[in-house]
Amino acid sequence: MPELVILLFLFGVPAIIAYAIWRVYSLTISPKARLRRLEGLRSSGAITAAEYEKQRASIISSV
């Protein structure tokens with residue numbers, strides 16, 4: 001049982017902190033900038049058209 005607590009602390013806490021930082025960062029960038037970055041990812045082939053549409057809809061719905 002103590003091993004589980006240690007593992008949870010070692011892996012869970014950093015994951016929660018990283019998620020919180022990502023949320024704050026993603027909310028501080030303007031939707032226009034996020035859409036521009038998303039378009040760049042699509043045109044470079046880093047994401048598929050389906051992924052692009054899903055993320056685009058998510059950005060637009062958050063406005």
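Sequential numbering from 1 along the given sequence is applied to the chain's residues. Remember, it's a predicted structure, so these values are computed and weren't measured experimentally.
For the pair Y52 and L41, the minimum side-chain heavy-atom distance is 4.5 Å or more.
Using a cutoff of 4.0 Å between basic side-chain nitrogens and carboxylate oxygens, E39 and R36 are not scored as salt-bridged.
By the neighbour-count criterion of 12 heavy atoms within 6.0 Å, atom CZ of R56 is sparsely surrounded, having that number or fewer from other residues, nucleotides or ligands.
Taking CD from E51 and CZ from R42, the interatomic distance works out to 12.0 Å, rounded to the nearest 0.5 Å. Interatomic distance, CD1 of I47 versus NZ of K54, reported as 11.5 Å (0.5 Å rounding). Separation of atoms CD1 (I59) and CD (Q55) is listed at 6.5 Å; rounding is to 0.5 Å.
The shortest non-hydrogen separation linking S43 to G40 is OG-O, 3.2 Å.
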